[in-house]
Amino acid sequence: MINLSKSLFTLLAVASLSGDLNAETALKGQWLTDLERQTLLDPQTSGVTFRKGELVVIGDQSAHESTRMKLFRIDPATAESITQPIQITVAESLKSSCFYGYLSDKPDFEALTWDRIDDTTLITVTEDASAYELSPECKKRFSQTNSTSYPSLLLKIQVDSALTRAEIVAVRPVQFPMEAKVGNFPNDGIEGLAVDDHQNLYLALEQDIANKPQLFKTRLTQDFWLRDNFVKVIDANLTFPELNDKDHPINGIEFLPSPIKGHPGYLMAVARNDDELWVFDLTNRIPPFVQKLSFYVSTDDSGLCPAYEKLVQTALEAITIHDGTVYLINDPWKQHYPDNIQCGTHADKFKRMSPLLFKMPVDPRWFTPFRAKTQTALPALSGLAALDHSSYLAVQDKKIQRQGDRLTLIQLNPAQQLTAQSLFVTNWPAGQAANDLEAVCALPGKNSEFLIAESGTWQGSFGRLFHIKVFPTYAQVLNTFELPVERDNSPEQDGDNFEGLACAKKDVNRYLVILGERGTATAAGFLQWGELDLAAANIQWNSQKIQVTGPTQLKNRHYNRVISDLHLEGDVLWAGAVLDSSDNGPFASAVYPLALVNPTAKQPISLMAERPVLWQIDGFKVEGLASPSPLVPGSALMMVTDDENYHGQFRPLATTEQSPYGNPSPKSVTTK
């Protein structure tokens, strides 16, 4: 029977590593013990953090008197105490605080973290203070909590480097948004704290007035603990799993860094009643990953009991993560913890309300940064480049105030069915996403690497050229360069508007980069080029500009933007031109050969004397051109449109007698 049970436990553990997203992960617990190797007596463990190779644990006000107001230093490998518990004291400087009476008696600590800058600063939060009341003067200052009558308190616990003492030295009451409808439930307050890499402090509310959990956040500014007013938290704007009408409290949270550079990371939440971990992507681009858990404790191997007993009531409340391992500790629920007594081996431990430590590896499935979906309508697209024979990268011209992804990956299958998915971009410089991306080109010889360009500067900001690499599920900014500036955009004037970008290889890590300024109804556009040295991380722009007046032989059609995109196919530089009347149209577009390009020549661009319109597209605003796909026989080029209020289109341009493959014969072209 012993071997059979151990085999069962092994099978459960293996199931957690399988591809079944609904499989439970089976975890085996270790009893937390004191220096005499006796299990801890009812510490009511409600928070844990990882510090200097140790687990630091805190408990709530319902703990046994001997373990209340203590920090426990636990060896994460053995679950054994490293020292005697550390008494938490209250600084003399807080005696004049509105909250001293509560803090010096039996505060209800419900979480533990540290600020990620100074590991001598621990942070906890209080929950149930229903037995306490503020003075009339303090009520005037702190009654507007938008939750409980006595506010939830964020506390700074100052410890020494060796963690031999702990003192509460600062306190900040919490004010919730009124629209959050938190409700006045003293024992259903904040149960989890976590700090991310950008000093955002997340707070997990157990349940609100609608019986649902909530997540809030605030910033740990440099003067955070120097102030004594309300901390006004805001909604963290994270989507929850689908929940039914039963209780689904969150009782602990922790920050999980992403392996993807520039990604903001994940928030791990303990859903105690569900025996689940919820993994929130902080970009909120996908629903949270739900990791189902089951919990076991080993017996005495006497042969009288199964080797492992499954807990029927665990009540997880504490979570922390370090170096690829998740550590979980339960808070024994006094009313139900003895329900776990089955064979009788651990009856004394369950009656002592002794907690357990569970460990599990970080699961790579938690890091999925997208869920692909087929879209029936594309967003407005302002640039296009081929990734491979069946995939294309498109850019969107969202202004800085608009949130959301800036890149779209378009894929064709052999049946020519279209799949489009947005791509998250990591490592934007200074965390500032692109503003008004208008063009993209692939770097020849660099697998999946591209340049993407903003349209120009705006009041001295932006005007950036990004070097990016596209991965299967996201893109990463590798470097950033400045675009040339002739005219800054501002409310008072129209400045540069680069809408075309082309790349040609000159040498190893050296590229010719061509920009196309779109022009206006009254001013010509122009071409300008530079030399990009990837090894030196430098770009030199040539001051020479080639004026562009658009296609020739127009047949009564005037295009107010003579360059809407550029694309280099072989040695021919193609351009789009558009008639843009308003965001509601009408639109018209032309695609025409603009110049010949020799990247190693002193004068690399030769403008064509005759620039005939080879494709005229009425009703659409063509802003992206790219190489054809072999999956679309008879195509000469691919195009995307930015039809403003009508979104976008992705289409092939058919070969013509004039240009069978989208390349005019150089013999028939006159240059100057």
Side-chain angles (χ1 to χ4, degrees), residues 30-61 63-95 103-104 107 109-126 153-172 192-197 199 201 220 222 224-226 252 254-255 257 317-329 354-355 357 359:
Q30 297 170 277
W31 298 101
L32 270 64
T33 60
D34 59 20
L35 291 179
E36 284 71 43
R37 303 299 180 258
Q38 298 298 310
T39 59
L40 295 185
L41 173 60
D42 191 18
Q44 291 295 295
T45 41
S46 57
V48 62
T49 193
F50 195 99
R51 178 188 180 273
K52 294 187 174 181
E54 302 174 1
L55 298 177
V56 183
V57 179
I58 199 169
D60 64 33
Q61 69 178 358
H64 187 270
E65 186 176 353
S66 64
T67 53
R68 191 183 304 139
M69 286 284 285
K70 300 285 202 309
L71 291 178
F72 300 87
R73 298 172 60 187
I74 303 296
D75 185 328
T78 64
E80 298 171 353
S81 291
I82 297 171
T83 65
Q84 292 287 354
I86 312 301
Q87 183 69 44
I88 302 173
T89 60
V90 183
E92 288 287 322
S93 59
L94 293 182
K95 280 192 172 181
L103 296 179
S104 61
F109 303 137
E110 287 293 350
L112 191 66
T113 188
W114 61 287
D115 68 2
R116 300 308 191 266
I117 292 178
D118 176 12
D119 65 11
T120 65
T121 294
L122 302 180
I123 305 172
T124 187
V125 66
T126 64
L153 304 176
L154 287 169
L155 306 176
K156 176 182 179 181
I157 302 177
Q158 193 73 55
V159 301
D160 60 330
S161 182
L163 192 48
T164 61
R165 57 180 175 81
E167 184 177 50
I168 299 172
V169 297
V171 54
R172 295 287 305 277
L193 296 176
V195 180
D196 70 12
D197 287 337
Q199 289 299 98
L201 174 65
L220 287 174
Q222 288 185 341
F224 186 89
W225 296 112
L226 300 177
E254 179 62 298
F255 172 67
E317 287 221 359
I319 177 173
T320 192
I321 301 168
H322 179 73
D323 197 23
T325 299
V326 180
Y327 298 91
L328 301 160
I329 300 177
S354 300
L357 170 65
K359 291 177 282 190

Assess the residue pair Leu155 and Phe109 against the criterion (side-chain contact (heavy atoms from CB on, under 4.5 Å)); give the C-alpha distance rounded to whole Å, side-chain angles, the decisive distance to 0.1 Å, and a yes or no.
CA-CA 9 Å; Leu155 306 176; Phe109 303 137; 3.5 Å; yes
Contact between Leu201 and Leu154 at the side-chain level, heavy atoms closer than 4.5 Å - yes or no?
yes
Shortest non-hydrogen contact from Pro43 to Ala63?
O-CB, 3.4 Å
Evaluate the side-chain contact (heavy atoms from CB on, under 4.5 Å) criterion for residues Ile58 and Ser46: first the C-alpha distance (whole Å), next the side-chain angles of each, then the deciding distance (0.1 Å), finally the verdict.
CA-CA 6 Å; Ile58 199 169; Ser46 57; 4.2 Å; yes
In terms of heavy-atom contacts, Arg68 and Gln61 come closest through NE-O, 3.1 Å
How far apart are the closest heavy atoms of Leu94 and Ala170, and which atoms are they?
CD1-N, 4.0 Å
Quick one, Thr45 and Glu317 - any side-chain contact, counting heavy atoms below 4.5 Å?
no
Answer with yes or no whether the side chains of Thr320 and Glu254 bring together a donor and an acceptor at under 3.5 Å.
yes
Just by distance, do the side chain of Lys359 and the backbone of Pro76 share a donor-acceptor pair under 3.5 Å?
yes
Quick one: pull up CD in Glu110 and CD in Gln44 and give me the separation to the nearest 0.5 Å.
9.0 Å
Separation between CZ (Phe255) and CD1 (Ile321), nearest 0.5 Å, reads 9.0 Å
I need the minimum non-hydrogen distance between Val57 and Val48, along with the two atoms involved.
CG2-CG2, 3.8 Å
How many angstroms lie between atom OG1 of Thr120 and atom CZ of Arg51, to the nearest 0.5 angstrom?
7.5 Å
Separation between CG (Asp60) and CE (Met69), nearest 0.5 Å, reads 12.5 Å
To the nearest 0.5 angstrom, please state how far the CZ atom of Arg165 sits from the CG atom of Leu71.
12.5 Å
Apply side-chain contact (heavy atoms from CB on, under 4.5 Å) to Phe72 and Leu40, showing your working.
CA-CA 10 Å; Phe72 300 87; Leu40 295 185; 4.1 Å; yes
Could you tell me whether a side-chain N or O of Ser81 sits under 3.5 Å from a main-chain N or O of Thr33, the two making a donor and an acceptor?
yes
Is there a donor-acceptor contact under 3.5 Å from the side chain of Thr67 to the main chain of Asp42?
yes
Stepwise, does the side-chain contact (heavy atoms from CB on, under 4.5 Å) test hold for Leu357 with Tyr327?
CA-CA 7 Å; Leu357 170 65; Tyr327 298 91; 4.1 Å; yes
Scanning both residues in full, the closest heavy-atom pair of Val195 with Leu220 reads CG2-CD1, 3.9 Å
Thr39 side chain vs Trp31 backbone, donor-acceptor pair below 3.5 Å
no
Is it the case that the side chain of Thr121 and the backbone of Gln158 share a donor-acceptor pair, with hydrogens and angles ignored and the cut-off at 3.5 Å?
no
Leu328 versus Val326: any side-chain heavy-atom pair under 4.5 Å?
yes
Taking every heavy atom of Ile157 against every heavy atom of Ala166, the minimum-distance pair comes out as CG2-CB, 3.8 Å
Would Glu92 and Lys95 count as a salt bridge (charged side-chain N to carboxylate O under 4.0 Å, His left out) if you check the C-alpha gap in whole Å, the side-chain angles of each, and the deciding distance to 0.1 Å?
CA-CA 6 Å; Glu92 288 287 322; Lys95 280 192 172 181; 3.2 Å; yes
If you measure from CD1 on Ile319 to CG on Leu112, what distance do you get to the nearest 0.5 Å?
13.5 Å
